[in-house]
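Taking it in order: structure first as structure tokens, then the write-up.
Every chain is numbered from 1, with letters handed out A, B, ... down the list of sequences.
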Amino acid sequence: LPSHSIVCRLLENCRSICELKRIHGVLMVFGLSKEQPFATKILSFSASCISSSRDINYAHKIFLQVPFPSIFDYNVIIRGYSSSKNPYKSLRLFVQMLRNDVVPDHLTYPFLAKACARLMELKLGRCIHGIILRKGFVLDRFVLNSLMHMYGSCSDIVGARKVFDEMPARNLVSWNTMVDAYAKCGKVISMREVFDLMPERDVVSWSCLIDGYVKEGEYMEAMEVFERMIAFGPNAN
RNA sequence: AAAUCCUACCGCCU
């Protein structure tokens, strides 16, 4: 029988899905594939290599083999689906998780918000927002940023701005997400107002701004901004 | 056994 530490080392040093499948196969032969921490390690590795819909299917199959999935296992698979072709599955897994009395954490919600954003499902997004309020995750910047992004992606600029205004503390991503939300809906005046108020900027801030102008056909403005960024650097003010 | 968190574009995969 392979020793615990050797299997762990194999899984930790695993570099490709192909290699993972071989180790998984060996573990199955020994009846160890559902044992912890192996099952979770296999799952998280498979989910970290997701680059096509084949990979997410494989990760999901592994998830189904995990006997009593923990919050970590759920987060890993929910995250995988949130950026997949079928983000709706994230939401289904979330419901399943609640039914199994696994309590979502501050990492679960950004994945759910992302799923709603990609689906452009404003109603579901608002529902997730409601749950976040009830569960008291309103102080988490990552959670709030992901909600703002969801509203922006669902073309609810008022909703996005409300989250932004009511946030207890904002970081660079909060500002960038707000600029991007205005850019997406073509409100270049408001976009610029927010951009000009930013306490700091990075290359993402500038590219959201430029993108907003380009989408509205304001090419001269886009070029000017681009040249300013090149001349002074994206972090300058 | 402590791994999984937010924004633009690009790239990778289909």
- prompt: How long is the line joining CD of Gln36(A) and C1' of rA3(B), in whole Å?
  reply: 12 Å
- prompt: Would you find more than 12 non-hydrogen atoms of other residues, nucleotides or ligands less than 6.0 Å from Lys215(A) atom NZ?
  reply: yes
- line: Closest to the side chain of Ser146(A), out of rA1(B), rA8(B), rC6(B), is rC6(B)
Nearest-Å distance for atom pair CZ/P, residues Phe45(A) and rA2(B): 17 Å
message: Could you check whether Asn176(A) and Ser205(A), counting side-chain N and O atoms only, form a donor-acceptor pair closer than 3.5 Å?
response: yes
query: Could you state the CZ-P distance from Phe63(A) to rA3(B), rounded to the nearest angstrom?
result: 20 Å
query: What does Lys114(A) touch in the nucleic acid at a heavy-atom separation under 4.0 angstrom: a base, only the sugar-phosphate, or nothing?
result: sugar-phosphate
query: Over how many whole Å does the gap from His149(A) atom NE2 to rA8(B) atom C1' extend?
result: 9 Å
query: Expressed in angstrom and rounded to an integer, what is the separation of Met191(A) atom CE from rU7(B) atom C1'?
result: 15 Å
task: Please determine, by modelled atom types, if Tyr182(A) and Glu193(A) share a side-chain donor-acceptor pair under 3.5 angstrom.
output: no
- prompt: For Leu112(A) and rC5(B), what is the distance between atoms CG and P respectively, to the nearest whole Å?
  reply: 14 Å
message: Please pick, from rC6(B), rC5(B), rA1(B), the nucleotide with the shortest atom-to-atom distance to any side-chain atom of Asn145(A).
response: rC6(B)
Candidates rU4(B), rA8(B), rA1(B) - which lies nearest the side chain of Pro37(A): rA1(B)
message: Side chain of Ser207(A), heavy atoms from C-beta onward: which of rA8(B), rU7(B), rC6(B) has the nearest atom to it?
response: rA8(B)
message: Quick check: on RNA chain B, is the nucleotide nearest Leu147(A) upstream (toward 5') of the one nearest Lys85(A), or the reverse? Name the residue that is more 5'.
response: Leu147(A)
field: Nearest listed nucleotide, side chain of Thr40(A), among rA3(B), rC6(B), rC5(B)
entry: rA3(B)
query: How many Å lie between CH2 on Trp206(A) and C1' on rC10(B), as a whole number?
result: 20 Å
task: Select one nucleotide: of rC6(B), rU7(B), rU4(B), the one nearest the side-chain heavy atoms of Asn176(A).
output: rU7(B)
query: Can you tell me if Asp73(A) and Ser70(A) form a side-chain donor-acceptor pair at under 3.5 Å?
result: yes
- prompt: Within the stacking criterion (centroid distance below 5.5 Å, interplanar angle below 30°), does Phe142(A) stack on rC5(B)?
  reply: no
- request: Could you tell me whether Ser51(A) contacts a base, only the sugar-phosphate backbone, or nothing, with contacts defined as non-hydrogen atoms closer than 4.0 Å?
  value: base
- request: Check the side chains of Asn235(A) and Asp202(A) for a donor-acceptor pair under 3.5 angstrom, ignoring hydrogens and angles.
  value: no
message: Quick check, does Phe72(A) stack with rA2(B)? I mean ring centres under 5.5 Å and planes off by under 30°.
response: no
- prompt: Which class fits the ring pair Tyr109(A) and Phe137(A): parallel under 30°, tilted 30 to 60°, perpendicular over 60°?
  reply: tilted
query: Contact class for Tyr74(A) (heavy atom, under 4.0 Å): base, sugar-phosphate, or nothing?
result: nothing
message: Heavy atoms from C-beta onward define the side chain here; which of rU4(B), rA1(B), rA8(B) lies closest to that of Cys208(A)?
response: rA8(B)
message: Output the rounded distance in Å from CE (Met148(A)) to P (rA8(B)).
response: 11 Å
- prompt: Given rU14(B), is OP1 or OP2 found less than 4.0 Å from the side-chain N or O atoms of Arg54(A)?
  reply: no
